[in-house]
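All values reported here derive from a predicted model rather than from experimental measurement. The sequence lines fix the lettering, A, B, ..., with proteins before strands; numbering per chain opens at 1.
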Amino acid sequence: MSVASEERAGTGGADVPSRESPLRSVTALFSGPAGRNLGLVIALALLCIVGMITAGDRFVSFDNMMTILRLASVIGVVSVGMTFVITGGGIDLSVGAIVALSSVWASTIATQTLAENTHWIVMVSTALLVGAVCGLVNGLLIAYGRMAAFIVTLAMLAGARGLAEIIAQKRTQVVTISEFIDVVGGRVLGIPVLVLIFAIVAVAGWILLNRTTFGRRTLAVGGNPEAARLAGINVKRHTTLLYVLVGVACGLAAVMLLARTTAGTSTHGMLMELDAIAAVVIGGTLLSGGRGTIVGTVFGVLIFTTLTNVFTLNNLDTSTQAVAKGVIIVVAVLLQQRVAARNGSPP
Amino acid sequence: MSVASEERAGTGGADVPSRESPLRSVTALFSGPAGRNLGLVIALALLCIVGMITAGDRFVSFDNMMTILRLASVIGVVSVGMTFVITGGGIDLSVGAIVALSSVWASTIATQTLAENTHWIVMVSTALLVGAVCGLVNGLLIAYGRMAAFIVTLAMLAGARGLAEIIAQKRTQVVTISEFIDVVGGRVLGIPVLVLIFAIVAVAGWILLNRTTFGRRTLAVGGNPEAARLAGINVKRHTTLLYVLVGVACGLAAVMLLARTTAGTSTHGMLMELDAIAAVVIGGTLLSGGRGTIVGTVFGVLIFTTLTNVFTLNNLDTSTQAVAKGVIIVVAVLLQQRVAARNGSPP
Amino acid sequence: MSGIVKHFPGVKALDGIDLEVRAGDVHCLLGQNGAGKSTLIKVLAGAHQPNGGTISWQGDEIRIVNPQDALDHGIATIYQELDLVDGLTVAENIHLGHERARWGVVARAEANRAAAELLRRLGHPEVAPDIEVGRLSSAGKQIVSMARALSYDAKLIVMDEPSAVLDQEEVTRLFGVIRELAAQGVAIVYISHRLEEIREIGDRVTVLKDGRTAATGLAAAETPTSEIIRLMTGRSIEYVFPDRPERQQVGDPVLEVSGLGRAGEFGGVSFTVAAGEVVGLAGLVGSGRSEILETIYGARKAKAGTVTVAGRRLRAGSVGAAVSAGVGLCPEERKSQALVLHESVARNITLASLGRFARGGFVNRGDERRAADEQVRALDVRPADVRRHVRTLSGGNQQKVVLARWLLRECRVLLLDEPTRGVDVGARSEIYALVRELAASGIAVVVVSSEIEEVIGLSDRVLVISDGALVHDSPAEEINEHQVLDMVMEGEAA
Amino acid sequence: TGNDPASQQTNTEPRAVSSNDDPGKEVTIGFSGPEADHGWLAAINSTAVAEGEKYEDVDLRVAEGTNDPSMQISHIETFINEGVDAIVLLPTDGAALTKVATQAMDAGIPVVNVDREFSSEFAARTTILGDNYGMGVSAGTYACELVEENDLGGDAVIAEIAGLDSLPLTQDRSDGFSDALKECDQNVDHRVAAEFTVQSGEKVASNLLQAVPEIDIIWNHDDDQGVGVKAAFDNANRDEFFFIGGAGSANAMRWIQEGEMEATVLYPPTQAADGIRLARLLAQDKGMSDLVQVEVPRRIVLNAPVVTKENVEEYLPLGFES
Ligand SMILES: Nc1ncnc2c1ncn2[C@@H]1O[C@H](COP(=O)(O)OP(=O)(O)OP(=O)(O)O)[C@@H](O)[C@H]1O
Ligand SMILES: Nc1ncnc2c1ncn2[C@@H]1O[C@H](COP(=O)(O)OP(=O)(O)OP(=O)(O)O)[C@@H](O)[C@H]1O
Ligand SMILES: [Mg+2]
Ligand SMILES: [Mg+2]
C-alpha cells in the first residue's frame with residue numbers, strides 16, 4: 001500500500017477544487033468573507049438604490065449618511081457584543097435593560113456631581129462598570145449556575161430595568177456636563193464621535209473574534225462546548241467573560257446614548273435586544289453558536305437603520321413600514337442564503 | 001454462544017436498586033413526570049404560601065383563584081402551542097402579533113356583520129383561520145425556505161402587527177355580538193369558560209405530545225432532525241405543521257381575548273412572545289429542542305400569573321415588582337434544577 | 001491507575017480498574033462494547049471525575065481534575081467521538097486550547113505551518129491547514145484529531161478507536177506513526193475492536209470486562225486470539241463469517257439501481273440486488289459509497305438514473321417514498337444521523353415504525369415497549385433496559401439500536417453503511433449472523449464497509465467503487481482481498 | 001436638575017383646601033394604570049400615589065402598571081375580589097376594559113375613569129378626560145396662528161412627531177391636529193411616530209430632519225420624548241422652525257422660558273390624582289363642596305391650554321418633572 005498520497009486526496013476533502021464547476025471558479029473570488037456577506041452587500045446596495053431613486057439628494061447627502069451611521073452606532077456597539085455571546089452559544093435578552101441601568105446610574109445627581117468635580121470620564125467609567133457587573137452576574141449564573149441563558153437574561157431584563165426605574169424614579173435625568181456632550185456627542189474631522197466609536201468597536205471586535213485566541217475559543221465554545229472542554233479550555237470562565245464583554249458593550253452604548261440624547265432614562269434601550277439579535281442573525285451568525293461574523297453584523301445593523309431612514313424620507317406611515325420591514329427581512333435573508341449557497345459555503 | 005445472559009448483567013445497570021440511597025428511594029416516587037416538575041411544584045407552592053401569609057383570605061378565595069386562572073388562560077393557550085414549536089427545535093416570536101391580527105380580523109365590521117347574520121362561530125373560525133394561515137406562512141418559509149425560525153417569525157412579528165394596524169386603522173374594534181361575549185366570556189358550572197378552554201387545550205396538548213405519533217415525531221424532529229429525516233419522517237412537513245399548530249393556538253387566544261376584553265385591537269398580545277417563551281422554558285422544555293413538557297409549561301404560566309397576583313395583593317410598586325420578578329425567576333429555576341438533579345434526571 | 005471506580009446514574013461503569021502503562025509501550029485496551037474502555041480513558045484525561053481509585057504518574061500520585069490538568073501532565077487523548085469544532089480550521093482545531101499566539105493574537109502563519117508539519121508527519125500533506133474542519137470527511141477529521149494529539153508533545157497518548165473510520169491503508173500509516181512515537185519513548189494506549197491490529201502494533205494488552213480488569217499486562221504477541229476473546233466475552237467464539245448459503249436460484253431482483261449519478265460525487269452506478277442476497281460495496285474512504293447509499297435511499301436527490309424497488313420506481317430525493325417501499329438505512333454516523341440521543345432506547349427503535357403501534361394517531365405504549373424489548377433481547381443490547389437514554393449506551397450498543405430500528409420495520413431492502421464500525425468481536429459476529437439471517441428471510445441487503453475482508457466474507461456479491469464509479473461486480477467467491485485493493489487503486493489512478 | 005422629588009410634591013399642592021379634606025371613614029381605593037414607562041405616565045402614577053398618601057383615610061392599592069389589557073383586567077378583577085371601595089382606572093385601552101369596569105360598577109364599586117374613555121356609559125361613575133383630540137386641536141390652532149403671524153403662506157411645511165402610533169390616543173391627537181390645520185388651509189406634510197421614549201424621539205427626529213431640509217413648524221406630541229427630539233435638533237444645528245411640544249413637562253417649560261421652544265400644549269398628568277380625590281369622595285359618599293352641585297359630576301373634561309413664553313410663569317408649577 002505504497003500509493004502516493006495525492007492519489008487519495010479524497011480523505012482530506014482536499015479534492016474539492018477538482019470538482020469545482022466553472023461557475024464556482026468565477027465566484028471563488030467571493031468565497032472569502034466577502035462572499036459570505038455578498039447577499040448582505042446586495043441587499044444593502046438595493047436598499048441604497050431605492051433610497052437614491054425615491055429620495056435623491058436627500059438620501060445621498062453626507063449629512064444623511066452621517067445620520068444613518070449615528071443611528072447605527074449605538075445599536076451597532078451592542079450588536080457587536082451580542083455577536084460574541086451568540087457565537088459562543090449563548091443569548092442575551094437583557095442588553096436593553098443593561099443599557100438603561102447603565103445610563104441611569106451614570107446620570108444620577110451623585111455621579112454627575114462627582115464627575116463635575118473631577119472629570120466626565122467618571123461618568124463613562126460608571127456606565128462601563130455597571131454594564132460589566134450586570135454581565136458578570138448573567139455570566140456567573142449561566143456558566144456556573146448552569147441555567148439557561150434565555151432565562152437568566154430574561155430575569156436580568158426585568159430586574160435591571162426595574163432597578164433603573166427605582167434609581168431614576170422614572171424621571172428623565174438630563175446630563176448637565178456639557179463638556180461630555182460636546183466631546184462624545186461632537187465631531188472629529190467632520191465625523192461624529194459616535195460613529196468613530198462604532199467603527200473602533202467593530203474593528204476591535206473583528207480582530208478579537210478572528211485573530212485572537214479569545215475569539216477562536218469563542219467559536220469552539222459555541223460550536224462544540226464538550227470538545228472545547230476536552231481541549232483544556234475553561235468553558236465556564238470563557239462563557240462568563242463573554243457576558244461581561246456584552247455587558248461592557250452595553251455600558252458603552254449607554255454612554256453613547258447619554259451623549260446622543262443628553263439624558264439618561266430607564267426607557268433607554270427598550271426592545272434593543274430584539275433589534276440587536278435580529279441584526280446579528282441577519283448578518284449570518286448562527287443562533288445555535290459556533291459561527292459568527294462581525295462584518296455581517298455591521299451589515300445587519302446598517303440594513304435596518306438604512307431601512308428606517310429610507311422609510312422616513314419617503315414619509316411612509318408606521319404600519320406600512322412594519323409590513324414592508326417584515327417582507328424585506330425575509331427577502332434579504334433568502335437572497336443572502338441563495339448567494340451563499342452558490343458560493344459553496346454551507347447554508 | 002451458550003453463555004447464560006445473567007453472567008453479563010453487571011454491565012447493564014441492572015444493579016441500580018442495590019445502590020439506591022434512602023433519600024433516593026423516597027424521592028423515587030417523584031422520578032416520573034411529577035419529579036421532573038417537582039421544583040416547579042415547590043416554587044408554586046412557596047408562592048402560594050407567601051400569598052396566603054401576606055394576603056390571607058383575599059388570596060385563597062375562589063374568586064381570586066379564578067382571576068388567576070383566567071389571566072393564565074390566554075397566555076396559557078399560546079404557551080402550550082409554543083411548547084410544541086420549541087420542542088420541535090423551533091421558536092416563534094410572532095405569536096403576539098398573530099394574536100393581534102387574528103383579533104382584529106375577527107372583529108372587523110365585515111366579519112361581525114356576517115357573524116350577526118349567521119352565527120358567532122363565524123368570528124371564531126375567522127380568528128382560527130387567520131392564525132393558521134400566519135402559522136402556515138411561517139412554517140413554509142422556515143421548513144421549505146430553510147430560513148432561521150428566529151428571523152422568519154421576527155419578520156412576521158413586524159408584518160402581522162403592521163397589517164393588524166392597517167386593518168383596524170389603529171382603532172379599537174368593539175365586539176358587538178353580545179351572545180359571543182356571554183358564551184365565551186361566561187361561566188359553566190361556576191367555572192369561567194376561558195379557564196375551561198385552557199384546561200381542554202392543556203390536556204389535549206399533553207395527549208398530543210405524549211401519546212400520539214405526532215408528538216413523538218415532534219420530539220424526534222427537535223432532538224435530531226437528520227436522524228428523524230433518515231428514519232423516514234417528513235421533517236419539513238412536520239415542522240410546517242408545528243407552526244400551523246401554534247398559529248391556531250394564537251387564533252384561539254385571540255378569540256379568548258375578544259371575549260375577555262370585548263374588543264379587538266392591534267395592541268393585543270404585545271410582548272406575549274417573551275412571556276410565552278419564558279413560561280415554556282421555565283417549565284423545563286429545552287430551548288434547543290427535543291425535550292418538552294406541557295405540565296411544566298402550565299406550571300410556568302401559573303407561576304408567572306400567581307406572581308403578578310400576589311404582587312398586586314401586596315400593593316408592590318411596579319419597579320420593585322420587576323426586580324422581584326427577576327430574582328424569583330432565577331431562584332425558581334435554580335430550585336427546579338437542583339431538585340431535578342437530585343432525582344437523577346439529567347439537568 | 002489503580003482501583004478506578006466510576007458511577008453514572010444507574011450504572012457502575014468502572015468497578016476497580018487497574019492499568020499500568022510504561023514509557024515506549026503500546027498498551028492495548030480491549031473489551032466488549034460497554035466494558036468501560038472509553039470511560040476509563042476519560043477519567044485519565046480529566047473529562048470524568050472518578051468516584052474512587054488513584055492515578056500515579058511517573059511515580060507520584062496525582063489528581064486530574066480537568067482536561068487541562070491531564071494535558072499539563074503530558075497526557076493527550078484522541079477521543080472516540082470526534083471532538084473537533086466544525087467552524088474552526090484544521091490548524092485552529094489542532095492548536096485549540098494551546099494556541100500559538102502573541103499577546104493573545106493568534107500567529108496564524110506559524111500555526112498553519114506547524115499544523116502542516118504535523119499533517120505531513122501523519123502522511124497527509126494534502127489536508128490544507130486553513131480549511132474548515134466541517135468540510136472534511138470523518139476520516140479527515142480523525143486525522144486532524146491525531147494531529148492534535150501529536151501537537152501536545154505528550155508523554156502519553158491515548159487513542160480511543162482511531163482506526164474505526166480509517167481504511168486499511170490509513171491504518172498502516174497510523175501504525176507507522178505509532179511506532180515512531182513509541183521509539184521516542186512516548187507511551188501509547190490503543191483501543192480497538194480489530195484484534196488483528198492489536199497483534200500488529202501492541203506490546204501488552206489489558207482486557208476489561210463489565211467494568212473490571214479481566215487481565216492485564218498480557219504480552220500482545222504471545223497471547224492467542226481465542227484467549228483474548230474468552231477474556232473479553234467470557235466465552236469462546238470463532239471469529240468467522242457465517243457460512244454463505246448455497247447459491248440456489250437467486251430470487252427476483254428487489255432493488256434495481258440504474259445509471260444513478262450525482263454531479264461531482266459519483267455517476268453511472270447500476271446494479272441489482274435480489275431477495276435474499278447480500279451485496280457488499282468495497283472502496284476507499286471517500287470513494288463515494290456513502291453517497292450512493294444515501295442517494296438510493298432518497299436522502300440525497302439523484303441527478304441521473306433511477307432506483308426501483310420490487311418493480312416500483314422510487315421518487316428521487318424522497319426518503320418517505322423509500323421507507324414506504326420497504327427500504328431501510330443504517331447511516332454511517334450513528335450519533336448525528338441515526339440516533340435521537342436523549343430519547344430512550346425504545347423510542348429510538350420504534351421511530352421508523354411508529355405507525356404500527358398507533359391507532360388513530362395514538363401510540364399504544366405497551367405494544368411499543370414490548371416490541372422494543374423483543375428487539376433488544378434479540379440483538380443482546382446491553383444494558384437491556386429500553387427506557388435508558390441512548391446517549392448513555394456504548395458505541396457498539398448504539399449501533400445495535402439502529403439495526404433494531406430497521407429489523408422492527410421489517411424492510412425488503414436494508415442498506416448498511418459501516419454496520420460494524422466500533423462494534424466488538426462478539427457483537428460483530430452476532431451482526432454478521434444477523435445479516436445472514438435477514439438475507440435468508442428474503443431481504444435484499446447492501447453492505448458498505450471499509451474492511452475489505454468483511455465485505456468479501458459477508459457478501460454474496462462484491463461491487464468495487466472507485467472514485468465515484470462502479471469498477472467491478474462479481475460473486476464474492478471469485479475475488480480476493482488483493483484483487484479488490486488493486487482495483488480500488490487502479491480505478492482511482494485511471 | 002430635574003431630580004428633586006420635593007418639587008414634585010409642590011405640583012399637587014396649590015388647590016383649594018375644602019372641608020372635604022377632613023378625615024372621613026377609612027376607604028380602600030384601587031388604582032390601575034398603564035406601564036409607567038415614560039415621564040408622563042410616571043407623573044400620573046406618582047401624583048396619584050402622592051395624593052393617596054395625603055389622606056390618612058385612604059388606603060391606596062396600586063396595581064402593577066401594564067400595557068396588556070388582559071393583565072389589567074385581572075388587576076381590576078383582583079380589586080373586585082378584594083372588595084375595594086372605589087377604583088380609579090386609567091385603561092390601557094378604553095374599550096377593552098369596559099366589561100370589567102361594568103362588572104365593578106355592578107358589584108357596587110364606583111369606578112373613576114381617567115384619560116381614556118370606556119365604550120359604555122355604564123362602566124364609570126365619573127369620567128375625567130384629558131382631551132386628546134382637543135390637545136391636537138390646540139396645537140393645530142396655535143400652528144395656524146404662527147402661520148398667520150409669520151406669513152408662512154399656503155405652503156408652510158408642517159411636521160408632526162407623534163407618540164406610540166398604535167395607541168388610539170395618538171390617533172386622536174393627530175386627528176385633532178390635522179382638523180385644526182384644515183381651518184387655515186394647512187396640512188401635515190411630514191409625520192413620523194416615536195414611542196414616547198427619549199431614545200425613539202431622538203431617532204425619528206434625526207431621520208425627519210434629513211427627510212425635510214426646511215421645516216416651518218414641528219409639533220411633537222410628547223415632551224418626554226421631546227428631550228430626545230430636542231437633542232436631535234441641537235445635533236443637526238437646526239432651529240429654523242417653530243417647535244411646539246405636548247403634555248407640558250417642566251423641561252419643556254424651561255425651554256420655553258429660554259426661548260428654545262415655542263410653546264407646549266398642556267396635558268396634565270394630575271388627572272389620576274384628581275381621580276383619587278373623586279374616588280375618595282365617592283367612597284365616602286361626599287359631594288364636591290367646591291362646586292355648587294351636591295354630587296360629584298359624571299364627566300370632567302380637562303382643558304388643553306397652550307403654554308407660551310407669555311404665560312409660562314403661570315403654568316410652570318404644573319409642569320411635571322419627566
Ligand atoms: N454519560 C454516561 N451516563 C451514563 N452511563 C454512561 C455514560 N457514559 C458511559 N456510560 C455507561 O458506562 C458503560 C461503559 O461505557 P464506555 O463508553 O466506557 O464503553 P466502551 O468500553 O468504550 O464501549 P465501546 O467499545 O462500545 O466504545 C456503559 O454501560 C455505558 O452505558
Ligand atoms: N457535505 C460535504 N461537503 C463537502 N464535501 C463532502 C461533503 N460530504 C462528503 N464530501 C466529500 O465527498 C467525498 C466522498 O464522501 P464519503 O466520505 O462519504 O465517501 P465514502 O466512500 O462513503 O467514504 P467512507 O468510507 O468514509 O464512508 C469525500 O471526499 C468527502 O470529503
Ligand atoms: Mg468506547
Ligand atoms: Mg461513507
Calculate, to the nearest 0.5 Å, the distance between atoms [atom1] and [atom2] belonging to [X] and [Y] respectively.
X	Y	atom1	atom2	result
Gln171(D)	Thr172(B)	CD	OG1	10.0 Å
Thr92(D)	Met270(B)	OG1	CE	10.0 Å
Met71(D)	Asp275(B)	CE	CG	6.5 Å

Which is it for Glu82(D) and Asn64(B) under the side chain to side chain contact (heavy atoms under 4.5 Å, CB included) test, yes or no, and what are the steps along the way? CA-CA 8 Å; Glu82(D) 283 193 72; Asn64(B) 192 47; over 6 Å; no
With a 4.5 Å cut-off on side-chain heavy atoms, are Ser74(D) and Arg70(B) touching? no
Using heavy-atom distances under 4.5 Å, tell me whether Asn45(D) contacts chain B through its side chain, its backbone, both, or neither. neither
Using non-hydrogen atoms only, which part of Asp68(D) is less than 4.5 Å away from chain B: side chain, backbone, both, or neither? neither
Asn315(B) side chain vs Leu60(D) backbone, donor-acceptor pair below 3.5 Å: yes
Any donor-acceptor N/O pair, Lys99(D) side chain to Ala259(B) backbone, under 3.5 Å: yes
Which of the residues Asp57(B), Thr262(B), Ile75(B), Ile68(B) is involved in the greatest number of heavy-atom pairs with chain D at under 4.5 angstrom? Thr262(B)
Out of Val74(B), Thr308(B), Thr320(B), Thr265(B), which one racks up the most heavy-atom pairs below 4.5 Å with chain D? Thr308(B)
[X] portion near chain D, given a 4.5 angstrom heavy-atom threshold:
X	result
Thr67(B)	both
Leu316(B)	backbone
Arg58(B)	side chain

If you measure only the distance, is there a donor-acceptor pair under 3.5 Å linking the side chains of Asn81(D) and Ser61(B)? no
With a 4.5 Å cut-off on heavy-atom pairs, point out which of Gly65(D), Gly30(D), Ser119(D) contacts chain B the most. Gly65(D)
Against chain B, work out which of Thr66(D), Thr170(D), Ile73(D) has the most heavy-atom pairs shorter than 4.5 Å and name it. Ile73(D)
Nearest heavy-atom neighbours spanning [X] and [Y]:
X	Y	value
Val174(B)	Ala95(D)	CG2-CB, 3.7 Å
Arg171(B)	Asp172(D)	NH1-OD1, 3.1 Å
Ser70(D)	Leu71(B)	O-CD1, 3.5 Å

More than 12 heavy atoms of other residues, nucleotides or ligands under 6.0 Å from CH2 of Trp105(B): yes or no? no
Inter-chain contacts: residues 175-189 of chain B against chain D, heavy atoms under 4.5 Å: Ile181(B), Gly185(B)
Before you tell me yes or no, could you show the steps for Thr78(D) and Asn309(B) under side chain to side chain contact (heavy atoms under 4.5 Å, CB included), namely the whole-Å CA-CA distance, both residues' side-chain angles and the distance that decides it to 0.1 Å? CA-CA 8 Å; Thr78(D) 309; Asn309(B) 183 265; 3.6 Å; yes
